[in-house]
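Any value given below was found using the heavy atoms of this structure, including those in side chains, with hydrogens, waters and symmetry copies removed. Residue numbers count from 1 along this sequence. Note that the structure is a prediction, hence the values are computed from the model and not measured.
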Amino acid sequence: MWRGADLTAAPEKWLVELDGQDLAELERLPEVDGPLHLVDPAALRLPRIEDKARGWRRTLEDGPGVLLVRGLPVARLPARRSAVLYWALGLAVGIPTPQDKRELYLADVREDGAPGPDRFAYQTPVELPFHTDWCDVVSLLCLARSRSGGTSRIASSALVFNEILRRRPDLVGALAEPLWMNNRDEADGDVLPYYPASHVSWAEGRLSFRRRPSWRRRAAGAGRPEYLQEPAADGPPPPSPAQSEVMELVDRIAAEDGVALTMDFRVGDAQFINNHAVLHARDAFVNGTAPDEQRHLLRLWLTLPEGRTLTPDYAVGIARQYHLPAT
C-alpha cells in the first residue's frame with residue numbers, strides 16, 4: 001500500500017533505466033516477419049534483460065505494482081522495429097495475451113477515427129477514469145506525445161480499499177457482491193455478452209481489486225455525448241444502490257490529492273501496471289498538427305507466469321494465457 005506522494009519522492013522503487021548493454025542486446029534482435037505472436041519467442045530472447053525482469057516481476061507482484069522502464073530507442077526507429085523491441089521486452093516480463101475478440105496482441109493506443117459510440121476508449125482523446133484492464137499486467141510504450149494532456153495517473157488499490165473500510169465499512173460487502181460486467185467486445189463476447197463477477201479477491205493472504213467503469217457515460221457527462229452508447233435491450237441488471245455508491249467512492253478516493261502517482265511519458269518509456277494491485281487513469285489530451293505531436297502508444301496485455309492466485313468469482317473474465325499460439 002502506498003501514496004503517490006511517497007512514490008514521487010522515491011522513484012528508485014518503480015523507475016529503471018536501460019543501460020548501454022541493455023540497448024546493445026535489444027539492437028541485436030533479428031528482423032522478424034509476420035504477426036509477432038506467431039514468432040518463436042526463442043528468436044527474441046534477451047538474456048541480460050530477462051535476468052533483470054525477474055526483479056521487475058517482484059516489483060509488480062510484491063512491490064508497488066507499477067514499473068516504468070525508460071530508454072527504449074524508439075525515436076530513431078521505424079514503427080515495425082519499435083514493435084519488435086517492445087514485444088521482446090514484454091516477453092521478458094510475461095506472456096502476451098489477446099486483448100479482445102479480434103485476437104489483438106499489440107494495440108495502437110491513439111486517437112483513431114471520428115468520434116462515435118463504436119470507438120474503444122483507447123481510440124479516443126477523452127479522459128479515462130480510474131479503472132483496471134482484464135489481465136494481470138497492462139503495459140504501454142510511448143512512441144509519440146500529444147501537444148498537451150495525456151498524463152498517466154495510478155493509485156494503490158489496497159490504499160483505496162482500506163480507505164473504504166475506514167470511511168464506509170457498510171459498503172465493503174458491496175464490492176464482493178456480483179457486479180454485471182460488459183463482455184461484448186471480448187473474445188467470447190458473442191456467447192457471453194455479460195457475466196457477474198466480484199470486484200475483490202482475497203486469496204493466500206493477498207488482496208486483489210478491480211474497477212470497471214462506464215467510460216462512455218463519463219465522456220458524455222464531460223461534454224462528449226457523441227461517445228455515448230445506447231444501452232442494449234437485453235442488457236444486464238444495473239448495479240445495486242450500494243454498488244453504485246461504493247464505486248463512486250472508489251473514484252473519489254483515487255482522485256484525492258496525494259493518493260495517485262502521476263507521470264508524463266517520455267518517448268521510449270514503457271510502463272507496466274499490475275491490474276490486481278493498481279488502478280490507472282489517463283487525462284484527456286489534445287494532439288497538435290506536427291507528426292511528433294500525435295500521441296501514439298503501443299499496448300500489451302501480459303500474463304505473469306507465476307502470478308497470484310485469484311478467487312473464482314473474481315478471476316472470471318481475467319485474460320490469462322500461458323503459451324503463445326504454435327507457429
Check: Gln321/Thr303 side-chain N/O donor and acceptor closer than 3.5 Å: no

Pairwise distance CH2(Trp87) to CZ(Arg80) - rounded to 0.5 angstrom: 10.0 Å

From Ile49 atom CD1 to Leu18 atom CG, the distance as rounded to the nearest 0.5 Å: 5.5 Å

Any side-chain donor near an acceptor of the partner, Thr151 and Arg282, under 3.5 Å: no

Flag if over 12 foreign heavy atoms under 6.0 Å of CG, Asp118: yes

Residue pair Leu60 / Val93, side-chain heavy-atom distance below 4.5 Å: yes

Report all side-chain donor-acceptor pairs from residues 110-117 shorter than 3.5 Å, counting only partners two or more places apart or in another chain.
unit_1 : atom_1 : unit_2 : atom_2 : d
Glu111 : OE1    : Asn287 : ND2    : 3.4

Hydrophobic cluster (4.5 angstrom, side-chain heavy atoms) - remaining members for Tyr314: Leu310, Ile318

Non-neighbouring partners of Arg45 that pass salt bridge (Lys or Arg N to Asp or Glu O under 4.0 Å), sequence neighbours left out: Glu50

Over all atoms of both residues, closest heavy-atom pair of Ala281 and Pro129: CB-C, 3.8 Å

Single hit among Asp136, Thr132, Ile154 for side-chain contact (heavy atoms from CB on, under 4.5 Å) with Ile273: Ile154

Expected output: side-chain Trp14 to main-chain Leu7 donor-acceptor under 3.5 Å: yes

Residue pair Val267 / Leu143: nearest heavy atoms and the distance that separates them: CG1-O, 3.6 Å

Non-neighbouring partners of His131 that pass ring-ring contact (aromatic ring centres under 6.0 Å, His included), sequence neighbours left out: His280

Heavy-atom closest pair, residues Trp301 and Pro98: CE3-O, 3.6 Å

Cation-aromatic face contact Arg211/Phe130, 6.0 Å, 45 degrees: no

For Lys52, salt bridge (Lys or Arg N to Asp or Glu O under 4.0 Å) partners two or more places apart: Asp19, Asp22

Test salt bridge (Lys or Arg N to Asp or Glu O under 4.0 Å) applied to Glu61 and Arg206, step by step: CA-CA 10 Å; Glu61 272 290 11; Arg206 192 190 296 267; 3.6 Å; yes

Test item: side-chain donor near acceptor, Ser139 and Tyr86, under 3.5 Å: yes

Pairwise side-chain contact, Arg48 with Gln21, heavy-atom cut-off 4.5 Å (strictly under): yes

Which residues share a salt bridge (Lys or Arg N to Asp or Glu O under 4.0 Å) with Asp133, sequence neighbours left out: none

Over all atoms of both residues, closest heavy-atom pair of Thr309 and Ala203: O-CB, 3.5 Å

Of all pairs that satisfy ring pair (Phe, Tyr, Trp, His ring centres under 6.0 Å), the ones with a partner from residues 235-260, not counting sequence neighbours: none

4.5 Å side-chain heavy-atom contact, Leu106 and Leu36: yes

Closest non-hydrogen atom pair between Leu89 and Ala270, with its separation: CD2-CB, 4.0 Å

Arg76: side-chain contact (heavy atoms from CB on, under 4.5 Å) partners, not counting sequence neighbours: Glu27, Pro73

Interatomic spacing from CZ in Arg320 to OG1 in Thr97 - rounded to 0.5 Å: 9.5 Å

Glu31 with Arg81: basic N within carboxylate O range, under 4.0 Å: yes

Which residues share a ring-ring contact (aromatic ring centres under 6.0 Å, His included) with Phe265, sequence neighbours left out: none

Residues that Tyr322 engages under ring-ring contact (aromatic ring centres under 6.0 Å, His included), provided they are two or more places apart: none

Interatomic spacing from CG in Asp40 to CG in Leu324 - rounded to 0.5 Å: 9.5 Å

Under the salt bridge (Lys or Arg N to Asp or Glu O under 4.0 Å) test, residues paired with Glu248 that sit two or more places apart: none

Smallest separation among heavy atoms of Arg153 and Ala260, with atom names: CB-CB, 4.4 Å

Quiz item: cation-pi between Arg299 and Tyr122, 6.0 Å / 45°: yes

Residue pair Thr311 / Ser201, side-chain donor-acceptor N/O under 3.5 Å: yes

Short N-O contact, Arg58 and Glu306, less than 4.0 angstrom: no

Close side-chain approach of Val138 to Gln271, heavy-atom, < 4.5 Å: no

By side-chain hydrogen bond (donor to acceptor under 3.5 Å, both in side chains) - contacts of Glu230 (at least two apart): none

Side-chain heavy atoms of Ser156 within contact of Val278, under 4.5 Å: no

Atom pair CG/CD1 of Asp251 and Ile253 - distance to nearest 0.5 Å: 9.5 Å

Residue pair Arg168, Glu163: steps toward the salt bridge (Lys or Arg N to Asp or Glu O under 4.0 Å) verdict: CA-CA 8 Å; Arg168 292 294 305 276; Glu163 281 297 303; over 6 Å; no

4.5 Å side-chain heavy-atom contact, Ser198 and Glu177: no

Rounded distance [0.5 Å steps], CZ in Arg252 versus CZ in Arg167: 8.5 Å

